[in-house]
Amino acid sequence: MANDNRPIIKNQHTNLLELEEHIYHLVDVESPNTYRNLFPYDEIPKIAFNNRVVPHNMPDKIWITDTTFRDGQQSRAPYTTEQIVTIYDYLHRLGGPNGIIRQSEFFLYTKKDRDAVYQCLERGYEFPEVTSWIRASNKDFQLVKDIGLKETGILVSCSDYHIFYKMKMTRQQAMFHYLHVIRECLEYGISPRCHLEDITRSDIFGFVIPFCVELMRLQDQYKIPIKVRACDTMGYGVNFSGAVNPRSVQGIIYGLTTHAGVPSEQLEWHGHNDFYKAVSNSTTAWLYGCSGVNCSLFGIGERTGNTPLEAMAFEYAQLRGSLDGMDTTVITELAEYYEKELGEHIPERTPFVGKNFNVTRAGIHADGLLKNEEIYNIFDTSKFLNRPVLVAVSNTSGLAGIAHWINTYYRLPEEQKLDKSNPLVGKVKEWVDQEYEDGRVTVISDDELVEVIQENCRELGIDL
Ligand SMILES: CC(C)C(=O)C(=O)O
């Protein structure tokens, strides 16, 4: 199934350096290669293996770029200018002084979009750098230049699905068209960021690499950096060792860095979550030679969304052993802002930000938590997210769960903490048990518990 070992045709006159340079030619097919073996459409897509193992190659510096205002905004109601600026401020704080959130991309279509860009630029932050996303036209290049931005994203769809079915072109026509547009952009002195849409269904060696080789030639000619963003538009990418291209994340990154010569720091991975793989694929891209992973806050993006930015902050810290200046407590502030100000509902079980992400219900777990919170908490969530570990009270909470709830809710100091033998805990438990015996099926709310606790405190003469 592999399509990555095309024969190298050489003769006695070919010198090896030339050969190196010319290995990857555009393969201009007459009909689209839709990889039916992998994407049968009327069957579930398939993951095939050729057992070619790519070596780890994590760059010295890795970072996050943000698409909250581009892919993120494509899939929800538009943000107001004020909201964009507020979120940009949060991103600046979250990413910290080392610019772990290095860039953010903005539409320039409407006056409102441009106002947001002006206001964010006025903040004067080094990070995230403001970049744009435009239609590839001279008018838009001029706009980017007038606003004073250094870099813009340009769409260069690379699978035959897009080239043949959407653009109605051949590969050669598409490549000429893209190179023409990119040259124009370079003529304006703007650095193009080429968004290789649908790379995980594209012919990596027959189109993507020859195209990127041409991009690197243009870069040499114009002395302006050209970036490459590998877009897993449909979330087909997989990170399993030995998987076949075009679905292999590491295979794609290896091809782009090694065969096309794209430097790691000019390479980004843009993932989608259709098969629940956005986070692990992005981490894989880092591990195999891609400096940038493109993310959106809370993963809000087309269909199932993009790689959640907050997840990659924690992936970063796990890989590098340090937050390198990121302030992850801002993630909690952002989540509150999205829920309260933007009316976005974050599902309760969402890692790091959902209401229940560090809430435990089962009595047996609560018992453990009461003894030592490390037993059932992923890390010090109070320190890194301002979210103390919680126990929700239900029919399975038990005495330990109720004691933990009271201790956390009332933020009792260590010496005043109640344990499961405390009479107040016993009284609340009796009430809870009665509720469920009477047929209750829902979790008990904080307000209900407070009322019962206060009532019993009065009776027992306890002051919390
Ligand atoms: C529109 C393109 C660049 C994209 O966001 C994607 O491929 O997911």
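Only this structure's heavy atoms are used, side chains among them; waters, hydrogens and symmetry mates stay out. As the structure is a computational prediction, the values presented were derived from the model and not from experiment.
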Would the number of heavy atoms belonging to other residues, nucleotides or ligands and lying under 6.0 Å from [atom1] of [X] be above 12?
| X | atom1 | answer |
| --- | --- | --- |
| E348 | CD | yes |
| R349 | CZ | no |
| E415 | CD | yes |
| N372 | CG | yes |
| E339 | CD | yes |
| K417 | NZ | yes |
| K166 | NZ | yes |

Got a salt bridge between [X] and [Y], using NZ or NE/NH1/NH2 to carboxylate O under 4.0 Å?
| X | Y | result |
| --- | --- | --- |
| K227 | E268 | no |
| E437 | R440 | no |
| E333 | R93 | yes |
| E344 | R76 | yes |
| K429 | D433 | yes |
| R70 | E105 | yes |

Do [X] and [Y] come close enough that some side-chain heavy atom pair is under 4.5 Å?
| X | Y | result |
| --- | --- | --- |
| T86 | Y90 | yes |
| D66 | N294 | no |
| S248 | F240 | no |
| K277 | S282 | no |
| L38 | I47 | no |
| P128 | V130 | no |
| M216 | P263 | yes |
| Y410 | I453 | yes |

If you take all heavy atoms of [X] and [Y], which pair is closest and at what distance?
| X | Y | answer |
| --- | --- | --- |
| G95 | M326 | O-CG, 3.8 Å |
| P59 | G289 | CG-C, 3.7 Å |
| D274 | G235 | OD1-N, 3.9 Å |
| C231 | H195 | SG-CB, 4.0 Å |
| I300 | S75 | CG2-OG, 3.8 Å |
| T257 | S264 | CG2-OG, 4.2 Å |

Measuring from [X]:[atom1] to [Y]:[atom2], what's the distance to the nearest 0.5 Å?
| X | Y | atom1 | atom2 | answer |
| --- | --- | --- | --- | --- |
| E310 | T350 | CD | OG1 | 8.5 Å |
| K150 | E129 | NZ | CD | 5.0 Å |
| I224 | C185 | CD1 | SG | 8.0 Å |
| N306 | S296 | CG | OG | 4.0 Å |
| S280 | F275 | OG | CZ | 13.0 Å |
| T307 | E315 | OG1 | CD | 10.0 Å |

Assert yes or no for the condition that the ring centre distance of [X] to [Y] is strictly below 6.0 Å.
| X | Y | result |
| --- | --- | --- |
| F39 | Y236 | yes |
| H345 | Y338 | no |
| F107 | F69 | no |
| Y125 | Y88 | yes |
| F314 | F379 | yes |
| Y254 | Y288 | no |

Are [X] and [Y] close enough that a side-chain donor and a side-chain acceptor fall under 3.5 Å?
| X | Y | result |
| --- | --- | --- |
| T381 | N358 | yes |
| D447 | S445 | no |
| Q119 | E82 | no |
| T233 | D198 | no |
| E302 | H272 | no |
| T65 | Q103 | no |
| T110 | D113 | yes |
| T152 | R193 | no |

- Task: Carefully, step by step, assess I252 and V208 under the rule side chain to side chain contact (heavy atoms under 4.5 Å, CB included).
- Result: CA-CA 9 Å; I252 292 172; V208 170; over 6 Å; no
- Message: Under the criterion side-chain hydrogen bond (donor to acceptor under 3.5 Å, both in side chains), I'd like the reasoning laid out for T284 against N239: C-alpha separation, chi angles, the key distance, then a yes or no.
- Response: CA-CA 6 Å; T284 301; N239 68 346; 3.1 Å; yes
- Task: Please step through side-chain hydrogen bond (donor to acceptor under 3.5 Å, both in side chains) for the pair S157 and E197, ending with a clear verdict.
- Result: CA-CA 4 Å; S157 313; E197 187 181 24; 2.6 Å; yes
Is [X] reaching over with its side chain to a backbone N or O of [Y], donor-acceptor style, under 3.5 angstrom?
| X | Y | value |
| --- | --- | --- |
| T328 | L385 | no |
| D140 | I134 | no |
| N407 | A403 | yes |

- Exactly one candidate in L155, L215, V181, I154 meets side-chain contact (heavy atoms from CB on, under 4.5 Å) with C194; the answer is L215
- On the 0 to 90° scale, with breaks at 30° and 60°, tag the Y161-Y165 ring pair as parallel, tilted or perpendicular. perpendicular
- Query: Stepwise, does the salt bridge (charged side-chain N to carboxylate O under 4.0 Å, His left out) test hold for K111 with D115?
  - Reply: CA-CA 6 Å; K111 181 174 172 310; D115 282 348; 2.8 Å; yes
- Message: The test is side chain to side chain contact (heavy atoms under 4.5 Å, CB included); show your working for H365 and I375 and say whether it passes.
- Response: CA-CA 8 Å; H365 289 186; I375 299 173; over 6 Å; no
- Stepwise side chain to side chain contact (heavy atoms under 4.5 Å, CB included) check, R114 with Y118: CA-CA 6 Å; R114 294 191 288 274; Y118 286 124; 4.3 Å; yes
